[in-house]
Structure formats: C-alpha cells, structure tokens
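Below: one structure, written as structure tokens.
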Protein chains: 2
Amino acid sequence: MGEQHIRVVLVDDHPVVRAGVRALVSAQDDLDVVGEAADSAEAVAVVGETKPDVVLMDLSLGDGPGGAETTRLVRDLPSPPQVLVLTTYDTEADVLEAVDAGAAGYLLKDAPPDELFRAIRGTARGETVLAPSVATRLLQRAASPAPKVSPREVEILRLLARGLGNKEMARELLVSEATVKSHLSHIYTKLGVDTRAGAVATAIERRILRP
Amino acid sequence: MGEQHIRVVLVDDHPVVRAGVRALVSAQDDLDVVGEAADSAEAVAVVGETKPDVVLMDLSLGDGPGGAETTRLVRDLPSPPQVLVLTTYDTEADVLEAVDAGAAGYLLKDAPPDELFRAIRGTARGETVLAPSVATRLLQRAASPAPKVSPREVEILRLLARGLGNKEMARELLVSEATVKSHLSHIYTKLGVDTRAGAVATAIERRILRP
DNA sequence: ACTCCGGATAGCCGATCGGATGATGCCGGG
DNA sequence: CCCGGCATCATCCGATCGGCTATCCGGAGT
C-alpha cells in the first residue's frame, strides 16, 4: 500500500479552527499536518511547497478569494492534492460550487472527530466523501428542478432587497418597467414564490443574495 | 494576587473549536482548561462541578437553549464564573442579549490567539472585554436610534418572509387585515423601509429573522 | 440552419399595497 | 395617576403589483 502517512494541509482563516483540527488530526497515527494557511495566496504557496495528500479547505477565507476559488487554484497545481471542504454551511450553492471547483469531499465543522478522520482517509484514497446532511440535501435538490437565476435576475433581486419599486429598478437598470416586471415574473417562477418579499427571503436563503 | 492559574471551561457544540481553543489555551502557563461542554445542560453541570473562573461561551449551541440563555443559567449558579462570549457573529442583537444575560466580554472566533488570551485574563480580573469590531458596532448603534421590533411585529415579519399577503396574515394570526396593515406600517417605520421586500431584507440583515 | 434561452418591450386588469387619519383597550414605568 | 408603547380595528384612496398574452432580437448550442 502507498503512503503510510497521509500529509494534510489546513486552510482556514480562523486560528482557533486551525489549532483544533491540527490538535485532532495530529493525534492520529496515520495523519500528519504538514502545513497551514489563513488565506488563498498562502494556501497555494504552502500546498506548492509541502505537496500534501489532502487539503482541508474552509469556504469562507475572509477577504480575498474564497475557498471555492482557492480549491480551483490548488487543483491546478502540478500533482494536485485532494481537497476536502470543511466548512460551517451546507448551502446547495456552496456545495455545487465547491464540487465544481474540484473538491473531493464536503464535511461540516460540527462533524464529530471520527467522521473527520474517516473523511480524510477516504479522500486520500480518492473517494468522494459527503457529510450525510450534505448528501441528503444534494439528493433533494437533484430530484427537484434546479432553479438557476440569470445574472440579470440577480441584479433585480439586489434592487428588490433594497425595497425599490419596479419604476425605480427600471431607472436604475436603464430598461423599461415592463422588462423589470418580466424579470420579476421569471424570478417568481424559478424561486417558487409569488411575492417580492418571498423572493427576497428565498434568495437570501439560497444564498443568491448575501445579507 | 489571587489565583495563579485561571480555570477555564469551554462551551461550544463544535468539537473542532473546542479542541482548538483547548490546544491554544492549555499551552499558556497561567491558563487551565478544566472542562468542556457541548450544550446548555452539560455546561451547567460542568460549571457546577469544576467552579471555573471563566467560561468561554459559544452563542449557537445547536438544538436546546442557546448561549445567551446558558449564560444566564451559569451566572445564576453559586459563586458564578465570568462569562466570555466567543462566537462567530457580532450582531447587535446577539451582543445585547449576551451582555444582558451577564456576559463580561464578547470576542469573535476569528480573533488571533493573543487577543483571546488577553481577553480571558482580563475577564478573569473582572474587566469587560469587547472585540474592537464589537465595540465599534455598539457605539454606532448607541448613537443611532435603536429599532426594537415588538414580538407581534416579528411574527408579522416571519409571515412576510413567507410571501403571505395581508389577508392571509390576518387569517393566520386571527386578527383583522387592518391590524396587519397597522403592524406593517410600524415595522416600516422602525426598520426605515417602505416596502415588504425591503422589510424582509432588513429584518434578515439585523438578524431579526433567521434565513 | 434551426431552435432555445436570456433579455427587452408592450398593454390590460383585478387584486393588493402603502399612507394618512383616527379610535379603543390594556399594561407598565415614571 | 397619567403617559407611552403595544395591539387592535376601521375607512379611504391613489399607486403599485402580479398574472396574462405577445412580440422581437441576438447569441449559444445542436
């Protein structure tokens, strides 16, 4: 069998979380934490230097590029590591973006240590590891129609959340009021609502808008 | 000078965070982690047994009572410990509730370890320790009028976010449509908006509603 | 080449909303 | 004891919204 020690790099902007994962992971005989990074740039550098088997990636990295983008970057490196996303949220959008970026697994931070260890080992073996709640969510969404809002519609949603009326949105976007209404109708259909307030709530819930 | 070792109990539902704080705090000569708890009941039990000087309290504890309520509980114990809130969010509502519950400090989880240590020591000495961002926010809000929505108005907001019309809300709440409109008007005034969509967005932003 | 989709536009109409104004009853703090 | 906040209800009215039906254009994909 290949490597006996799985080399792990941690990417998380929270010192506390890094310390926690390091403490837990290091205590495992077959797992070594060979590096840490607090942001995207650091992550790329550290991964390039240490050539880990697995990268534990947080999705929210503070200012610069997020975890999804960083996942892309490290996956584009020569002999790229497997990326296991370890984050707080399990939004559909987050999961999809991460998987799309080349993540091999998705775990939540409230997972018990055991699950974390198993996930790291599985990921290192090339397996795809999803937290139960994430897997469930994915299946749910896969069954139901995927509501993908267009860029323009997102703009509308943004203005909507600011409480603008159709007329005001029209002025803001330099289009006619009819166009705004048209977009809104499409948004309602896609989000499965029929009021502006509901659209805003659903948009925020699905992370189409950020509060 | 009193105790040379400051006894600390951790309350957080995330194993990873507990491990992280424990690893960081334990490495300090003058700080001892004498207990951990993952939920409110456990917290009260552990604090009662270990009589710590400081409790590091997360505000979101999963299912049962939250961190604010738990803070009240441990502060009501005989010879209560100081409570230092250590959480992810710095919402005005969260801060106020925590302080009201008897918390002596408020730190964010992305704080550097140094700051955490200083906060623990300060809290143990009875000082009030606020994260800079939290302090700033408090001053801001203290200057501007505090918009406190009534319980009934929160109910209205909840239904609003579900996209219900005034008539439907009225039926749901067993009141007349006029009453609903009245509440809405008050909500608009308090939140500084003039549309339902804006109200929902602002309510979520101010954490009056949870997405 | 042809189709599908996002984006833009138009008009119609009933339902709803938001603002203004005013009134009543209850409770708790000053 | 009186005031203020909360909750309740009522009416009026102009502005807006949401649903419906149709058309047009340009780019991406088959």
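Note that the structure is a prediction, hence the values are computed from the model and not measured. Residue numbers start from 1 in every chain, and the chains themselves are labelled A, B, ... in the order their sequence lines are given, proteins ahead of strands.
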Can you check the [X] [atom1] to [N] [atom2] distance for me, whole Å?
| X | N | atom1 | atom2 | result |
| --- | --- | --- | --- | --- |
| Glu168(B) | dC17(C) | CD | C1' | 13 Å |
| Leu173(A) | dG6(C) | CG | P | 17 Å |
| Ile156(A) | dG18(D) | CD1 | P | 12 Å |
| Glu153(A) | dA8(C) | CD | C1' | 13 Å |
| Lys167(B) | dA10(D) | NZ | P | 14 Å |
| His186(A) | dA22(D) | NE2 | C1' | 12 Å |
| Glu177(A) | dA15(D) | CD | C1' | 11 Å |
| Asp194(B) | dC17(D) | CG | P | 11 Å |

Does OP1 or OP2 of [N] have a side-chain N or O of [X] closer than 4.0 Å?
| X | N | result |
| --- | --- | --- |
| Arg152(A) | dA8(C) | yes |
| Thr179(B) | dC9(D) | yes |
| Ser176(B) | dA10(D) | yes |
| Lys181(A) | dG18(D) | no |
| Tyr188(A) | dG19(D) | no |
| His183(B) | dT8(D) | yes |

Are the side chain of Thr179(B) and the backbone N or O of Val175(B) linked by a donor-acceptor pair below 3.5 Å?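 Side chain of Thr179(B) to backbone of Val175(B): no pair is present.
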
Would a distance-only check, ignoring hydrogens and angles, find a side-chain to backbone donor-acceptor pair under 3.5 Å from Asp53(B) to Arg7(B)?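 Yes: the side chain of Asp53(B) pairs with the backbone of Arg7(B).
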
Rounding to 0.5 Å, atoms CD1 (Ile187(A)) and CD1 (Ile156(A)) come to a distance of 6.0 Å

As an exercise, state the distance from CD of Glu69(B) to CG of Leu59(B), rounded to the nearest 0.5 Å.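 Rounded to the nearest 0.5 Å, the CD-CG separation comes to 12.0 Å.
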
Quick check on DNA chain D: between Thr195(A) and Leu174(B), whose nearest nucleotide comes earlier from the 5' end?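 That would be Leu174(B).
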
So, applying side-chain contact (heavy atoms from CB on, under 4.5 Å) with Val16(B), which one of Val21(A), Asp110(A), Val25(A) is it?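 Among the candidates, only Val21(A) passes.
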
If you check every side-chain atom of Pro151(A), which of dT8(D), dT11(D), dG7(C) has the closest atom? dG7(C)

